[in-house]
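Each chain gets a letter, A, B and so on, in the order its sequence line appears, and its residues count up from 1. Small disclaimer: the values here were computed from a predicted structure and weren't measured.
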Protein chains: 2
Amino acid sequence: MIDEETARERVVSTADRLFYAHGVQAVGMDTVRTEAGVSLKRIYALFPSKDDLVLAVLRRRTHQWDTGVTGAVSRAGTPRDQVLAVFDFLAEWFLEDAFRGCAFINVFGELGGDSDRIAAAVREQKASFQRRVTELVHEAGCPGHLAPQLVLLAEGAQTTAAISRDPGTAAHARAAADTLIRHALGDFQGPGVSGT
Amino acid sequence: MIDEETARERVVSTADRLFYAHGVQAVGMDTVRTEAGVSLKRIYALFPSKDDLVLAVLRRRTHQWDTGVTGAVSRAGTPRDQVLAVFDFLAEWFLEDAFRGCAFINVFGELGGDSDRIAAAVREQKASFQRRVTELVHEAGCPGHLAPQLVLLAEGAQTTAAISRDPGTAAHARAAADTLIRHALGDFQGPGVSGT
DNA sequence: TAGAGTAGAGAACGATGGTTCTCTGCGCAA
DNA sequence: TTGCGCAGAGAACCATCGTTCTCTACTCTA
């Protein structure tokens, strides 16, 4: 018999893939069971209800998101590039075949109206991301009001890239972010001037 | 017996309200029937399937959105204010009790992965909005690359306002848009200078 | 080897989904 | 008045949902 942690990971990653691709309600627990290769009995021992499984999927996504952002930021040089690295991270993501927008936004739209737990989980992830951007913005010496503006660009890029299927969306977001950062830094010389 | 157009409008507006509040799959046709006061037989005579009803709802939303944007733009003065009027329109919308994000994004997340017709309808609405913004941007004398950037702000504002429940989100979007417009116009004097 | 405990496969269950059908009753032409 | 046709209400239908239960079979201990 497979290890409990292995079973858990298999169920959550399978559910993530299926829920993300088709929506939560379009995927039955039976399909999760078949594709994960873990019996329903076991699944329900690990997650008392489908809602709990959805929450576990969101937790996993939150962790992956945080890891991805951290990695992209750590690969960047100057504090300003670190802010822009968020958009580079998005650009890479948008190129993936399975990309279908922000899972949190999708789940919120589908279930957030009726499930307070899920709405709260989504809200917390978005708030956490905004805090992260606020930190990066401060480290780059930019005024705080820049952070929520950059967050809007990132959120808009995710939904627009998903719907339009245009991976160039990330470049628009990055360019807009760059403009806003320059402006916030008081660098009014316009594009073309190196900021380093 | 009630007029056919009246019945149709009752069904579509009821479905819109219910689908928007709870998600499409969470609302049964029986509920639509009860709340609209139109028999199932009649509903299925008007819309061959639930998918067709969803598409009718999206068409109605598209029309309402276009009307709302047109109204806000026509109330604005200068071409630059007309561009910003889009964000004023959003600000008003975000204040509504029933506001729960962009219905197109929500439906796309829930059903777009499996229904090509619905995905196409959402894509067309977003493309249409981008064309509209592109026109406004050109009339304001701004370079074309500004339009997709402003669209990202508008999209991001809708999802962020829905999830965070912070109506001030619109102000952030508007401020960012204002900065981007000033920058695009080559007005590098920073905020505080009247641009009329 | 015998027995206890447990995991897996999937049948079963009640609810609910989208969709269709039946039945009742009303309006209207001749 | 009589018969026809259509609208409405909601029962019926079949599939599928989330969830639970049963039964089989295997593993590990003494």
Are any of the side-chain nitrogens in A:R174 or A:D178 under 4.0 Å away from the carboxylate oxygens of its partner?
no
Atom-pair distance (CG on B:L18; P on C:dG17), nearest Å:
12 Å
B:S13 OG to B:E35 CD distance, which is reported to the nearest 0.5 Å
10.5 Å
Nucleotide nearest B:Y44 when distance is taken to its side chain, options C:dT19, C:dA9, C:dG10
C:dT19
Before accepting this row, confirm whether a basic side-chain N of the pair B:R131/B:E124 lies closer than 4.0 Å to the acidic partner's carboxylate O.
yes
Separation of D:dC17 atom P from A:F19 atom CZ, nearest Å, is 12 Å
Please figure out whether A:V38 or B:L40 has its closest DNA chain C nucleotide nearer the 5' end.
A:V38
If you find the nucleotide of DNA chain D closest to A:T31 and the one closest to B:G37, which residue's nucleotide is nearer the 5' end?
B:G37
Can you measure A:F47 atom CZ to D:dT20 atom P for me and round it to whole angstrom units?
15 Å
Please report, rounded to the nearest Å, how far the P atom of C:dG17 is from the CZ atom of B:R33.
13 Å
Atom-to-atom span, CD of A:Q25 to C1' of C:dT16 - whole angstrom
12 Å
Has A:R33 got a side-chain atom pairing as donor or acceptor with A:S39's backbone, closer than 3.5 angstrom?
no
Describe the nucleic acid contact of B:V24 in one word from base, sugar-phosphate, nothing, applying a heavy-atom distance below 4.0 Å.
nothing
Length of the CG-C1' vector between B:D51 and C:dG17, whole Å:
14 Å
Options D:dT19, C:dG18, D:dG8, nucleotide nearest the side-chain atoms of A:K50
D:dT19
Rounded interatomic separation in angstrom, taking NZ from A:K41 and C1' from D:dA25:
12 Å
Minimum-distance nucleotide (side-chain atoms of B:M29 versus C:dG18, D:dG8, C:dG8):
C:dG18
Could you tell me how far apart A:R42 (CZ) and D:dT20 (C1') are, to the nearest whole angstrom?
18 Å
Any donor-acceptor N or O pair under 3.5 Å, side chains A:D52, A:S49:
yes
